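Below: the structure, in structure tokens.
None of the values given here were measured: they were computed from a predicted structure. Whatever order the structure lists them in is the order used to number ligands and atoms, beginning at 1.
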Amino acid sequence: MKRIAFLLLFAISMMNVAMAQNPIVRNQFTADPTARVFNGKVYLYPSHDILPPEDYDRKDWFCMADYHVFSSENLTDWTDHGMIVTQNKVPWVRPNSYSMWAPDCVYRNGKYYFYFPSAPKAGGGFAVGVAIADNPEGPFVPEPEPIKGINGIDPCVLQASDGNAYIFWGNGRCAKLKENMKELADDNPREMVRWGNREMEMVGVNCLQGLPNRQAEGPFAFEYNGNYYLTYPYVREKTEVLAYAMSKNPMGPYEYKGLIMEEQPNGCWTNHHSIINYKGQWYLFYHHNYYSPNDDKRRSACIEKLSFNADGTIQLVKQTLRGVGVSDAFKEIQIDRYSSISNRGVEFAYLDTLNRFDGWKTVMTERNAFVQYNQVDFSNGAKGLVCRAQSQGGAKVSIYADGEKIASVKVKAGKAFGDFSCKVKKAVKGVKDLKVVLDKGDAEIDYIIFKK
Ligand code: FUB
């Protein structure tokens, strides 16, 4: 009985992982985030970076053993539905190859098709397989063999308005899929290419030929307003940018249009993305290595809003910490994921450098230093708040909602984090932008949470 209760508790804790802001998943690494909208919800199919275990000797390389799927209705709270495909249960994948790289998932004819690259038992680089489910959360059943004709990584499937499904992979290569979604169509162009001393048949077309494409990977194709977009990362100077090209045909030719996101500011070598429209707003999912600043092979998924110009071109997207979505005032508000800050007197640090998943603290050292955190939902009002903080000499911190002071909290001097409460003095309802200002002293703030 005890064992069943324990297993139940474990299962519940696995499923309900409350997360928000950037990065959006806060208890594990999540790279190459492919988002899809199914049944009115956003489903996220990322790669699952892990720290290299003992039986994997490439300690500074990508290391992925399985895939999880997550879902969200508000882009703020994400549910982890657990593991859906693992390297040791796919018949064609070399066990313990830790090469479950960037996946995709699409819905067609009543089934969900999950496409993933990995290292085949037969050798020869990467192949792409498919696993099939009746629901977006699985269970997914892998096909016994990989898709014939694809030697490469990073599959993405575009379901075009011409009724066909097209699969893109690797360096912008594209081929039409058969209606069964498990094989390449017979009418794809084919060419023999020499790879080292090996002759191999390449199927489909290279849509990035002649376009900026240095080390291009991770293609993500979609259709909008009569245009096909082929978006992809490539290395411009030091790290990957996200770029895009447009065409009137799914298989090109594509015309290069420019960047969606600049190089990673901290030197993280890869970026990898997907683009969705959810409830009328476009979003860009991408990754960064926030939880692993010294190791760019352990990455974390992030989201920003994305906009089109009237001519169909895409506006450059800036990386933010705040990300998207409205935060619930009655859940922990991690102000270190700020919208804006003062020029002086505020910095951020990991709470625990040995466990970075614990997150960050806001370190305020100068009078009038501030952190602004936008889009907090107070619903029908808050009566009080708790500020989890510590201070060497004591501090007073004031909280403003849409520019109006609503509370001031005293943080007593001490050597450890504590919870400091105060009343909310003004009626504050609905969605507000929050500003946290240091009135005096010094304060390290973990989070703020309002009380009803
Ligand atoms: O995650 C492993 C590889 O790194 C992906 O397949 C690439 O797109 C890059 O993000």
Discussion item. Counting only nitrogen or oxygen atoms and a 3.5 angstrom limit, does Asp154 reach ligand 1?
Written reply: yes
Discussion item. Tell me whether Arg299 reaches ligand 1 (any heavy atom closer than 4.0 angstrom to a ligand atom).
Written reply: yes
Practice prompt. Can you pull out the closest protein heavy atom to atom 10 (O) of ligand 1? Residue, atom name and distance to 0.1 Å, please.
Written response: Asp32 OD1, 2.7 Å
Discussion item. Starting from atom 9 (C) of ligand 1, what is the nearest protein heavy atom, named by residue and atom, and what distance separates them?
Written reply: Glu217 OE2, 3.5 Å
Practice prompt. Give a yes/no on ligand 1: does His287 have at least one heavy atom closer than 4.0 angstrom to it?
Written response: yes
Practice prompt. With heavy atoms of His272 as the reference, note each atom of ligand 1 found under 4.0 Å away.
Written response: 7 (C), 8 (O), 10 (O)
Practice prompt. Under 4.0 Å from a heavy atom of Ala102: give me the atoms of ligand 1 that qualify, with their elements.
Written response: 6 (O)
Discussion item. Tell me whether Asn309 at atom CG has more than 12 heavy atoms from other residues, nucleotides or ligands lying less than 6.0 Å away.
Written reply: yes
Fill in: Heteroatom proximity flag, Trp101 to ligand 1, N/O under 3.5 Å
no
Practice prompt. In plain terms, say whether Asp77 and Lys331 are close enough for a salt bridge, that is, a side-chain N and a carboxylate O under 4.0 Å apart.
Written response: yes
Practice prompt. Indicate, with yes or no, if the rings of Phe29 and Tyr291 have centres closer together than 6.0 Å.
Written response: no
Practice prompt. For the residue pair Tyr45 and Phe140, categorise the inter-ring angle as parallel (less than 30°), tilted (30 to 60°) or perpendicular (more than 60°).
Written response: perpendicular
Worksheet item: Is the cationic atom of Lys435 (NZ for Lys, CZ for Arg) positioned less than 6.0 Å from the six-membered ring centroid of Phe370 and within 45 degrees of its normal?
Response: yes
Worksheet entry | Ring center gap for Tyr447 and Phe417 short of 6.0 angstrom | no
Worksheet, complete the sentence: Quick note on ligand 1: atoms under 4.0 Å from a heavy atom of Met64 include exactly 1 (O), 2 (C)
Worksheet item: Can you name the salt bridge (charged side-chain N to carboxylate O under 4.0 Å, His left out) partners of Glu179, sequence neighbours left out?
Response: Arg108
